Amino acid sequence: MPLKLVFTLCTIFLLIASGALGALTAEQIVSQANQASYYAGKDGRANVKMTITDKNGGTRNREFTILRLNGQKGDQKFYVYFRAPADVHQMVFLVWKNIERDDDRWLWLPALNLQKRIAPGDKRTSFVGSDFLYEDVSGRGIDEDRHELVEEKEDYYLIKSVPKDPSSVEFTWFQTWIDKETFLPKRAEYYQRNGNRYREVEAVKIETVGGFPTVTIAEARDLNSGSVTRNSFSEIEYNIGLQERIFTERFLRRPPREISR
Amino acid sequence: MMKKPAPFFILAVIAGSCWFAVSAAAADLGEFGQFNGFADARYGARLQSDSYQKQTTLAETRLQLGLFRLGGSSTLQLRTDIYYDDVVEQKSVDLKEGSGWIDLREANLLFSPHSLVDLKVGRQILTWGTGDLLFINDLFPKDWQAFFIGRDVEYLKAPSDAVLISLFPGWFNIDIAYTPRFDPDRYIRGERLSYWNPGLNRIAGRDAVVSPSTPDRWFSDDEIAVRLTKNISGYETALYFYDGYWKSPVGFDPLAATALFPRLSVYGASLRGNLGPGVANLEIGYYDSRHDRSGDDPFLPNSEWRFLAGYEQEVVRNVTLAGQYYLEALQRYDAYESTASAATARDPYRHLVTLRLTWLMLNQNLNLSLFCYYSPTDEDIYLRPALKYKLTDAWQLSAGANIFYGRYDHTFFAQFNQNTNLYTGVRYSF
């Protein structure tokens with residue numbers, strides 16, 4: 001039998017066996033959602049207005065600009081420049097997200113002219129005191145959970161994810177509603193051991209920017225504390241030609257012009 | 001000391017090229033700018049009486065104004081403090097010391113004459129090295145007074161009047177900081193904090209304010225600091241060189257009977273990167289005390305090796321623990337010992353360990369921290385407990401203490417024994 005025919009038959013057999021003709025597996029859906037959420041374009045920028053509202057209605061505000069550059073094999077670099085509140089003005093949070101090892105993270109303290117290295121630490125700690133976690137900003141590794149397709153409707157997939165290492169996280173499991181058209185997660189709910197839902201993240205508004213479906217308003221709610229954080233994104237751009245050198249000490253000392261929009 | 005005027009043509013060339021660069025850069029500024037600052041009031045007092053000092057260690061109100069402009073290829077940073085200090089007698093304005101009523105923190109212009117070169121010219125804060133509140137290769141000026149009385153930790157770094165030239169040829173980076181006129185530390189001189197005076201062989205304060213002879217001739221009493229860095233997949237490696245002076249008046253001129261800043265060169269290296277669940281750092285430096293290489297001059301410091309190893313880790317969510325081991329190894333100890341006073345002579349090795357505990361609470365609005373220095377060889381300790389609470393985005397309350405204790409009066413931290421103090425402050429940022 002000609003070799004080519006063997007290959008073709010084998011391929012057809014595998015495709016049928018894996019159900020790949022049409023239906024996606026849970027892992028494929030999660031992988032595509034990860035791409036849509038965190039890897040749109042080669043690079044991107046956005047201004048973020050963050051409002052944290054506590055259960056008594058007190059608010060705190062943060063404003064920052066995020067620059068992102070995609071690298072090889074899923075690695076990424078992030079440059080987060082703070083504009084407000086005044087006491088963190090001009091600080092920069094720099095992350096080299098590494099898929100195969102711990103992330104490298106630095107904080108630039110302008111008054112000390114100091115590039116402080118931050119321990120890789122716990123990615124499930126609050127980002128700048130808000131209800132968003134570091135992992136919400138830079139993405140959770142898709143191999144850290146076992147994913148299961150629980151429900152498929154006309155417009156969404158419902159995925160249940162259970163951590164492979166339960167001791168590394170504060171939740172027992174979470175479920176995500178992923179939009180079938182854009183592959184953006186529209187809503188995620190986190191559950192604790194006792195079955196309590198205690199945390200929600202929601203894409204409140206999705207718009208298409210530069211050809212990429214983009215979450216322009218996101219909200220995280222801590223149901224235990226009653227605190228809510230809303231992020232509004234503006235001045236979003238993709239494929240602006242960010243250079244890798246921006247993500248180094250040189251541009252901590254002198255912010256790149258890309259932050260100034 | 002006689003001031004030697006710098007040769008006119010050097011000044012003219014520098015002034016001319018600066019004017020050209022500054023005007024080109026200034027034309028480019030203006031795309032993006034921010035104005036900000038804060039008002040800060042602080043009070044601190046000794047917990048015990050000190051016969052050489054006032055009870056109050058800190059009583060000041062301060063207004064900081066900052067302007068930041070970002071252009072296409074240049075940035076301008078202006079930041080100054082205007083303050084009223086009620087502890088030390090009001091002096092005339094001295095921009096170098098930051099005394100009087102104005103402390104100019106930053107006034108600099110950064111621009112790129114070439115895509116691989118950055119120049120930062122003017123008054124600036126310079127920092128490098130890997131230590132946490134310990135410095136080996138960072139020989140830029142520090143303000144120890146501010147550190148020991150409870151000003152915000154940013155005031156530990158005093159400004160330099162310098163030109164920072166950064167080169168980015170590709171496979172490594174070079175920074176050259178040239179300070180045309182020596183910028184000493186804002187060291188402990190006795191007017192606010194008491195200290196060990198080796199001449200008097202006792203603790204002294206306002207009765208014996210140190211007034212050293214400070215090298216101050218432009219372009220000859222200068223300093224140069226060089227750093228080569230390379231980031232190897234997240235591991236930051238660096239080589240350092242410094243040529244200048246000891247930053248505090250650790251020498252003594254017996255003929256003139258004044259303290260002085262002896263010549264110093266430093267050669268060093270450092271490494272920092274992720275290790276296991278935390279961050280580790282290593283740093284080493286050789287302090288070449290150029291005027292006492294043989295070690296037999298009792299009035300000048302001997303050369304030293306200095307070494308530092310540190311580790312930091314988030315141990316529980318929102319709780320970070322960091323530790324460092326630091327060593328000073330005195331060279332030519334036999335020569336030192338033969339001339340030093342037996343009662344106050346130091347050991348050949350000074351070991352020091354530090355511990356930092358940081359606990360973030362209430363959505364990171366409350367920051368509790370404890371920094372501890374302990375030297376088993378000097379048998380002394382310095383504790384810095386501190387609390388910061390962000391009442392709102394604009395208002396911040398802080399409180400803390402500086403606690404010194406030791407067995408002997410002459411060791412580094414124990415000499416400040418009578419300065420143990422408690423402080424509190426409030427800040428409004430805008």
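Letters A, B, ... are given to chains in the order of the sequence lines, protein chains preceding strands, and every chain is numbered from 1. Please read these numbers as outputs of a predicted model, since none were measured by experiment.
- With a 4.5 Å cut-off on non-hydrogen atoms, Phe140(B) does not touch chain A at all.
- Between the side chains of Gln90(A) and Gln77(B), at least one donor-acceptor pair of N or O atoms lies under 3.5 Å.
- At a 4.5 Å heavy-atom cutoff, the contact between Lys120(B) and chain A is made by side-chain atoms alone.
- Side-chain atoms of Gln364(B) come within 3.5 Å of backbone N or O of Ser126(A) as a donor-acceptor pair.
- The side-chain heavy atoms of Ser233(B) and Trp96(A), taken from C-beta on, include no pair separated by under 4.5 Å.
- Salt-bridge formation is detected for the pair Asp175(B)/Arg253(A): a Lys NZ or Arg NE/NH1/NH2 atom is positioned less than 4.0 Å from an Asp or Glu carboxylate oxygen.
- Separation of atoms CG (Asn363(B)) and OG (Ser130(A)) is listed at 8.5 Å; rounding is to 0.5 Å.
- Most heavy-atom pairs under 4.5 Å with chain B: of the set Pro85(A), Ser227(A), Pro120(A), this distinction falls to Pro120(A).
- At a 4.5 Å heavy-atom cutoff, the contact between Ile118(A) and chain B is made by backbone atoms alone.
- Arg254(A) and Ser112(B) share a side-chain donor-acceptor pair at under 3.5 Å.
- Within the 4.5 angstrom heavy-atom criterion, no atom of Asp132(B) approaches chain A.
- In this structure, no portion of Asp131(A) lies under 4.5 Å from any heavy atom of chain B.
- Although no hydrogens or angles enter the test, the distance criterion places a donor-acceptor pair under 3.5 Å between the side chain of Asn113(A) and the main chain of Ile125(B).
- Only the side chain of Asn365(B) comes within less than 4.5 Å of a heavy atom of chain A; its backbone N, CA, C and O stay farther away.
- The heavy-atom pair separating Leu70(B) from Ser260(A) by the smallest distance is CD2-CB, 4.0 Å.
- Per-residue heavy-atom pair counts under 4.5 Å with chain A were compared for Arg105(B), Gln313(B), Glu106(B), Arg227(B), and the maximum is reached by Arg227(B).
- Ion pairing between a basic and an acidic side chain is recognised when a charged N comes within 4.0 Å of a carboxylate O; Arg105(A) and Glu312(B) show no such pairing.
- For the set Ala394(B), Ala280(B), Ser429(B), Gly234(B), the count of heavy-atom pairs under 4.5 angstrom toward chain A peaks at Gly234(B).
- Chosen from Arg245(A), Glu170(A), Arg261(A), the residue pairing most often with chain B at heavy-atom distances under 4.5 Å is Glu170(A).
- With hydrogens and angles left out, the side-chain atoms of Glu249(A) and Trp128(B) include no donor and acceptor closer than 3.5 Å.
- Counting non-hydrogen atoms of other residues, nucleotides and ligands closer than 6.0 Å to NZ of Lys42(A) gives a total of 12 or fewer.
- Here CZ of Arg83(A) is found 13.0 Å from CG of Asn36(B). Values are rounded to the nearest 0.5 Å.
- The closest side-chain heavy-atom distance from Thr248(A) to Asn173(B) is not below 4.5 Å.
- Closest of all the heavy-atom pairs between Ala119(A) and Gly278(B) is CB-CA, 4.2 Å.
- A salt bridge between Arg62(A) and Asp393(B) is present, with a side-chain N of the basic residue lying under 4.0 Å from a carboxylate O of the acidic one.
- Rounding to the nearest 0.5 angstrom, the gap separating the CG atom in Leu109(A) from the NZ atom in Lys157(B) is 12.0 Å.
- Annotation for Phe430(B) and Ala86(A): closest pair O-CB, 3.2 Å, computed over non-hydrogen atoms.
- No more than 12 heavy atoms of other residues, nucleotides or ligands shown are found within 6.0 angstrom of NZ on Lys55(A).
- Taking CZ of Arg317(B) as the start and CZ of Arg124(A) as the end, the distance is 7.5 Å to the nearest 0.5 Å.
- In this structure, the portion of Phe68(B) lying under 4.5 Å from any heavy atom of chain A is its side chain and not its backbone.
- Within 6.0 Å of OH in Tyr428(B) there are 12 or fewer heavy atoms belonging to other residues, nucleotides or ligands.
- Under a 3.5 Å cut-off, the side chain of Asp102(A) and the backbone N or O of Asn274(B) do not form any donor-acceptor pair.
- Looking at Asp152(B), neither its backbone nor its side chain comes within 4.5 Å of chain A, counting heavy atoms on both sides.
- When atom types are taken as modelled, the side chain of Thr127(B) and the backbone of Leu112(A) share a donor-acceptor pair closer than 3.5 angstrom.
- To the nearest 0.5 Å, atoms CG (Asp87(A)) and NZ (Lys388(B)) are separated by 8.5 Å.
- Of the atoms belonging to Thr130(B), not a single heavy atom falls under 4.5 Å from chain A.
- For a residue to count as touching a neighbouring chain, one of its non-hydrogen atoms must lie under 4.5 Å from one of that chain's; by this rule Arg79(B) touches chain A with the side chain only.
- With a 4.5 Å cut-off on side-chain heavy atoms, Thr125(A) and Asn318(B) count as touching.
- Counting heavy atoms from C-beta outward, Phe168(B) and Arg250(A) have side chains that approach closer than 4.5 Å.
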